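For reference, the structure discussed in these notes is given below.
The structure presented is a predicted model; accordingly, all values stated were derived computationally and were not measured.
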Amino acid sequence: MKETFDSIKSTVHKYRKWEPLVFFIAGFTFDAILLHRIDDPLMLVHQAIYLVLSAFIIAWDLFNEIGLGHVPSWLQKPWKYREGILHFLLGTLLNVYTIFYFKSGTIFGSLVFLMILGALLFLNEVRPPHISKHILRNGLFALCLVSYMNIIVPIAIGSIGVWVFILAIAAATLIHSLYVLWLKKKLETRKVWLEIRLPFVGVAVVYTLLYLFKVLPPVPLSLKYIGIYHQVAKVGDTYQLSYTRPAWKFWQSGDQTFEAKPGDTINCFVQVFSPTRFKDQLFVRWQYYDTKRGWVSADAIPLGIVGGRAEGYRGYTTKNNYQPGEWKVNVETNDGRVVGGIKFQVVAAEASDEPVVMNVDLK
């Protein structure tokens, strides 16, 4: 038994440098299992606690390096694993934001966030000797803090937009400034600026640029469903969607190959999740592809949404004037950020076609 324990201990010591990454992945997996609604109060409190604990570990580690911090005897044993614990906390938080960013925007916008996250994690693991570990860990912490405020502020206000985003960045800056003021009481100003303040400023600037270029996903909104249909009818609390798609095209959402007869109307049905007490206006933008001009906007139809429904706010828009060819519909915020979309093709139905209409009830 002792030999087995010693063997495990030796293996752990051998791969100790990978300990932070293991804890980071553990935090990622842990939260992926527990993650529910973005506005779940318990989830928001859980994230706030993790942020506070992360800030405490970072600060206490800095104090210990200059001999100002004292670890109580009862905490000395778990304190040895502070790096792993910190990465577990940050991994859990970043998992939340990564998942919600994938739900809330385009694949491109989500991938940009993942690339930034991946770059920070890579640098954290293969850190060049001249770069302090505190710079990288504070960069990860800053990313978590800014992401958290970019979620909780819109939820508290009940809408999104430029001023809401500015308020979220301002709130994150205020909280971080108070944190810095506390650290400056015990640490030299230059160290605080280079290893704590500068990483936050860098993250905040990049975050703002991503917002200005409409890359940052519009959290806390998310598009749960979008489809193209021949008919949409509301029957009681149920929407009845009619399409002519053959059964073998099971991967399509409705009639993504829309076989149009004279007088047909194209219907775009959407389900958009937004938090409780959330009330805002989106736009459903119809576009067609012109071989000379590229994607050309045909209409931008407003769609007022009200939050709180777990399955998402339901609604639809119609298009009567159209032409054969490639089309797409994007659901956008009032500041032009894409929540999600769908592409489809309009083709002329042959006169001999007798489509079989199939109905789908979405409650």
Side-chain angles (χ1 to χ4, degrees), residues 20-58 84-121 124 136-157 160 164-165 168-169 171-172 175-176 199-200 203-204 206-207 210-211 215-224 272-276 278 307-308 310 312 337 339-340:
L21 182 60
V22 172
F23 274 91
F24 192 96
I25 294 172
F28 198 95
T29 306
F30 176 78
D31 211 60
I33 296 172
L34 297 181
L35 193 61
H36 299 293
R37 288 172 54 129
I38 194 171
D39 61 340
D40 184 346
L42 291 178
M43 288 295 299
L44 294 174
V45 172
H46 159 245
Q47 292 168 48
I49 292 173
Y50 275 27
L51 280 169
V52 172
L53 289 175
S54 298
F56 173 79
I57 292 174
I58 291 171
I85 295 171
L86 177 62
H87 282 77
F88 176 84
L89 297 174
L90 295 177
T92 301
L93 289 170
L94 290 170
N95 173 52
V96 172
Y97 311 132
T98 301
I99 290 175
F100 285 137
Y101 278 17
F102 263 107
K103 291 181 177 180
S104 296
T106 62
I107 293 177
F108 173 73
S110 303
L111 286 178
V112 169
F113 179 82
L114 275 181
M115 288 172 64
I116 294 173
L117 174 58
L120 286 172
L121 291 176
N124 191 54
L136 297 172
R137 60 162 53 167
N138 276 290
L140 289 171
F141 174 73
L143 186 59
C144 290
L145 177 60
V146 173
S147 298
Y148 179 70
M149 298 311 298
N150 194 41
I151 288 175
I152 200 168
V153 170
I155 289 175
I157 294 176
I160 59 176
V164 177
F165 176 79
I169 296 295
I175 293 171
H176 197 266
F200 176 83
V203 168
V206 171
Y207 223 82
L210 292 177
Y211 182 87
V215 175
L216 195 67
V219 290
L221 301 179
S222 62
L223 186 65
K224 295 183 70 72
V272 180
F273 173 81
S274 59
T276 304
F278 200 94
R337 289 186 292 157
V339 183

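- Residues Phe141 and Pro199 form no side-chain contact, since every pair of their non-hydrogen atoms from C-beta on lies 4.5 Å or further apart.
- In terms of heavy atoms, Pro220 sits closest to Ile160 at CD-CG2, 3.9 Å.
- Here the side chains of Leu216 and Asn150 are in contact, with some heavy-atom distance below 4.5 Å.
- Atom CG of residue Leu90 and atom CD1 of residue Ile85 lie 12.0 Å apart, to the nearest 0.5 angstrom.
- Considering CG of Leu93 and CG of Leu51, their distance stands at 5.0 Å, rounded to 0.5 Å.
- With Arg137 contributing its side chain and Ile58 its backbone, the two residues share no donor-acceptor pair below 3.5 Å.
- Nearest heavy-atom pair, Phe88 versus Tyr50, reported as atom, atom and distance to 0.1 Å: CE2-OH, 3.7 Å.
- Taking the side chain as every heavy atom from C-beta outward, Tyr207 and Phe165 approach each other to under 4.5 Å.
- Distance check, rounded to the nearest 0.5 Å: CG of Leu89 to SG of Cys144 gives 9.5 Å.
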Could you go through Phe100 and Leu221, starting from their C-alpha distance and side-chain angles, then the distance that decides it, and tell me whether this counts as side chain to side chain contact (heavy atoms under 4.5 Å, CB included)? CA-CA 9 Å; Phe100 285 137; Leu221 301 179; over 6 Å; no
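- For the atom pair CD of Gln47 and OG of Ser147, the computed distance is 9.5 Å after rounding to the nearest 0.5 Å.
- Ring geometry for Phe200 against His176 counts as parallel: the plane angle stays under 30°, on a 0 to 90° scale with 60° as the upper cut.
- Residue Val203 comes nearest to Gly139 through the heavy atom pair CG2-O, 3.7 Å, listed as atom of the first residue, atom of the second, then distance.
- Here the closest non-hydrogen pair linking Pro154 and Val219 is CG-O, 4.4 Å.
- Between Ser222 and Val272, the closest side-chain pair of non-hydrogen atoms is not below 4.5 Å.
- In this structure, Leu210 and Val206 have side chains that are in contact, with non-hydrogen atoms separated by less than 4.5 Å.
- With a 4.5 Å cut-off on side-chain heavy atoms, Met149 and Ile169 do not count as touching.
- Taking 4.5 Å as the limit, every side-chain heavy atom of Leu143 sits out of range of all side-chain heavy atoms of Tyr97.
- Using a distance-only test at 3.5 Å, with no hydrogens or angles considered, a donor-acceptor pair links the side chain of Tyr148 to the main chain of Leu44.
- Annotation: the span from Met43 atom CE to Ile38 atom CD1 amounts to 9.5 Å, rounded to 0.5 Å.
- Closest heavy-atom contact between Ile155 and Pro275: CG1-CG, 3.8 Å.
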